[in-house]
J.: 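Please find one structure pasted underneath; my questions will follow.
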4 protein chains.
Amino acid sequence: MTATAELVLEVGYAATSIGAVAARAGVGKDTIYRRWSGKAELVYETLFTQTETAPVPDTGSLAEDLTALLEALLEEFTAPAAAAALPGLLADFAANPDLQARIRTQFLAPAKERLVAVFERAIQRGEAVPGVPVDLVLDTLAGAIFFHVGLVGERPGPELATQLAAVIGQGIEAR
Amino acid sequence: MTATAELVLEVGYAATSIGAVAARAGVGKDTIYRRWSGKAELVYETLFTQTETAPVPDTGSLAEDLTALLEALLEEFTAPAAAAALPGLLADFAANPDLQARIRTQFLAPAKERLVAVFERAIQRGEAVPGVPVDLVLDTLAGAIFFHVGLVGERPGPELATQLAAVIGQGIEAR
Amino acid sequence: MTATAELVLEVGYAATSIGAVAARAGVGKDTIYRRWSGKAELVYETLFTQTETAPVPDTGSLAEDLTALLEALLEEFTAPAAAAALPGLLADFAANPDLQARIRTQFLAPAKERLVAVFERAIQRGEAVPGVPVDLVLDTLAGAIFFHVGLVGERPGPELATQLAAVIGQGIEAR
Amino acid sequence: MTATAELVLEVGYAATSIGAVAARAGVGKDTIYRRWSGKAELVYETLFTQTETAPVPDTGSLAEDLTALLEALLEEFTAPAAAAALPGLLADFAANPDLQARIRTQFLAPAKERLVAVFERAIQRGEAVPGVPVDLVLDTLAGAIFFHVGLVGERPGPELATQLAAVIGQGIEAR
DNA sequence: ACCTAAGCGAGACGGTACGTCAAGTCTTAAG
DNA sequence: CTTAAGACTTGACGTACCGTCTCGCTTAGGT
């Protein structure tokens, strides 16, 4: 029931009730509960699962690879509905161990894998030395975007990806 | 009504109702609503306003100044109750324009000022050149901590501050 | 939800809250509000709507007909729960135009019709002359009972019906 | 604080709160509670105690005496504020034994005395025989007025007194 | 003329009930 | 047999008043 997206956009995540989604979709509430465990899962799958996984970028330079990764992230999280839903969604996920686990395996783990691949190539090229704290880099890059979108409340411009990649890339290389 | 803190710790932010806080405090709900506009404000002031502002660190090196700033941040946000409340609190703040504004003026603005002061000294010492994207740095540093605590769900160890400061400090200097 | 009756008896009308009724009935408050507009309607239907309408009495004498009508009224209003609820109920009905209208159409109008029927027969029998002020008679008879039960606070004995019927019947005949 | 009367008129008895009365009178709530036990007593004294007791009528005829008594009653209870407050006031009095007692001694007892005096004179004049059920007459007369004003919700015209007196007077005489 | 005490306005306080809303489960009817 | 529709229990919401209480301020009276 991707008409969930409309409601999130119109009234926000908090005011989006499952009853309202069901009514707008012309569907019984049970039909929704049969497929999703609750609002968090429904909205998460509605807004963040449509992304088909792009291949790990391989541009030949660390900074450009990071930029490409960040641009994909930014595109996903700055869509109007996604930005509107992010904070509430995060709260619901944080409050529920099952959903927590899901975030870890479905979002964090793949993201880390992709970062690892990018850094492995950078090491082979001599742009970085082994022992890169990938977790830290992930915290930094993803955190910056979440912070900007979710807490500062601003939609970051496209230059954010480049700047972030530059600072972090150089910070790592210079280590 | 700092006994709010107990409830947040025991049952979490979402399950902390104003009625329950009032009951535990032996107080009428009105008495709470008279002082705070709702759960978000109450918990925010309970958990995050007790911090007396430490002076801006001035250790003589950019990396160490940043480390000091980050350690203060980490200490505040990794207290058990604070970590438990963070995601839900962020969601409520994001959903309410009044609270949004408050975050901006009471948290973001002072944090940026402190960063600006640190970088001004670094520029004078020749550790950095003028034109530092302070907003970006703030996104990165604070975002990393929020991301780690709120989304990854782990309490970062004390080394996180040092590592973060090192990467970002070097990333900026190398620009 | 006729377990409303228990509460009215035990604690009185004023202290009977919809929440308490719901709790005792093992029911949500919404379920009550879905069927009744509030306490007044709930109690009214609980206590005064169970009466199946008896046929208009036709004993062959005006006084006896009136006595029969009054006995029915008395029986209804002197039930312990009914007497306990009457004053509060009247106040709530008087304060709400919708309920006022309901009283008029569901209680006053039928009562008047029955009185009119009784007097028509009395006129045919020559016990009364046309032009009987039926409204006045209704005020007098019903008023006497309401006054006694609701204001004086006494449960009238069964002789009240006979005496009232006698005085009013003679007062009308003698006109 | 006779500005209570204004509020009763404007918003009705139920919506008249002691806080509102205090605010409008420019007075603290305690000052009101110091003098009256609650809303019922306050409104009662405000609206029904200003009447100085008229002498028992003595016109020489039972019907005219009754008419005079009724006219006084009617005048008191059909004042707009009085009519608006009556049902709620009755409910509060009925729910409180102390106030019940007060009604009995301050209203019912004097009313009965006056009726008794009227009937004693009527008996001396030969208009009635001893053994008049004065309680019943009081129920009937007062009840008719309370019923009309409080339940039917109409302000009775001035002819009601005459008609009532006629019917009851004749009903008693004919006994 | 000053100082103390009482009385007052203002309104905070602990409670209780209100009527509304959403959650998640369960029942009914129709297709 | 699955579905929509929506009733159901539960429990939190934020508001309104209750009747009690504590504050200062005012104002009189007594010294």
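Convention: sequence-line order gives letters A, B, ...; per-chain numbering from 1. What you see is a predicted model, and the numbers here were worked out from it, not measured in a lab.
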J.: Is there a donor-acceptor pair closer than 3.5 Å between any side-chain N or O of A:Thr31 and the backbone N or O of A:Val27?
T.: no
J.: Quick check on side chain to side chain contact (heavy atoms under 4.5 Å, CB included): which of A:Leu9, A:Thr46, A:Ile32 does A:Thr4 satisfy it with?
T.: A:Thr46
J.: Out of curiosity, D:Ile18 CD1 to D:Tyr33 OH, how far, rounded to the nearest 0.5 Å?
T.: 4.0 Å
J.: Parallel, tilted or perpendicular: which describes the rings of B:Phe48 and B:Phe77, with under 30° parallel and over 60° perpendicular?
T.: tilted
J.: Hey, what do you get for CG (D:Leu89) to CG (D:Leu42), rounding to the nearest 0.5 Å?
T.: 10.0 Å
J.: Whole Å only: how far is the CG atom of C:Leu7 from the P atom of E:dA17?
T.: 11 Å
J.: Heavy atoms under 4.0 Å, any strand shown: does B:Gly26 hit a base, just sugar-phosphate, or nothing?
T.: sugar-phosphate
J.: Return the angle between end axes of the helix from E:dT4-F:dA28 to E:dG31-F:dC1, with five pairs used per end and rounding to 10°.
T.: 10°
J.: Which is it for C:Tyr44 and C:Trp36 under the side-chain contact (heavy atoms from CB on, under 4.5 Å) test, yes or no, and what are the steps along the way?
T.: CA-CA 10 Å; C:Tyr44 173 65; C:Trp36 296 279; over 6 Å; no
J.: Can you list everything that forms a side chain to side chain contact (heavy atoms under 4.5 Å, CB included) with C:Ala79? Sequence neighbours excluded, please.
T.: C:Ala82
J.: Summarise protein proximity over nucleotides 25-31 of chain E in one line of letters, 5' to 3': B for base, S for sugar-phosphate only, - for none, counting protein heavy atoms closer than 4.0 Å.
T.: BBB----
J.: Provide, to the nearest angstrom, the distance between the NZ atom belonging to B:Lys39 and the C1' atom belonging to F:dG11.
T.: 13 Å
J.: Atom CD of D:Glu41 to atom P of F:dG19: distance rounded to whole Å?
T.: 12 Å
J.: Can you measure from CG (B:Leu151) to CG (A:Leu108) and round to the nearest 0.5 angstrom?
T.: 6.0 Å
J.: Mind jotting down which residue pairs meet the salt bridge (Lys or Arg N to Asp or Glu O under 4.0 Å) criterion with at least one end in residues 32-44 of chain A? Sequence neighbours excluded, please.
T.: A:Glu41-A:Arg102
J.: Whole-Å distance between E:dC8 P and D:Ile32 CD1?
T.: 12 Å
J.: Expressed in angstrom and rounded to an integer, what is the separation of C:Arg35 atom CZ from F:dG6 atom P?
T.: 16 Å
J.: Closer than 4.0 Å, any side-chain N/O of C:Arg34 to the OP1 or OP2 of E:dT20?
T.: no
J.: With sequence neighbours excluded, what pairs up with D:Arg104 under the salt bridge (Lys or Arg N to Asp or Glu O under 4.0 Å) test?
T.: none
J.: Below the 4.0 Å mark, does E:dG7 have OP1 or OP2 next to a side-chain nitrogen or oxygen of D:Thr31?
T.: no
J.: May I have the distance from C:Asn96 (atom CG) to E:dG19 (atom P), rounded to whole angstrom?
T.: 11 Å
J.: Please report the interatomic distance CD(A:Gln100) to CG(A:Asp92), rounded to the nearest 0.5 Å.
T.: 11.5 Å
J.: Tell me which residues in residues 9-20 of chain A put a heavy atom below 4.0 Å from DNA chain F, sorted by number, or none.
T.: none
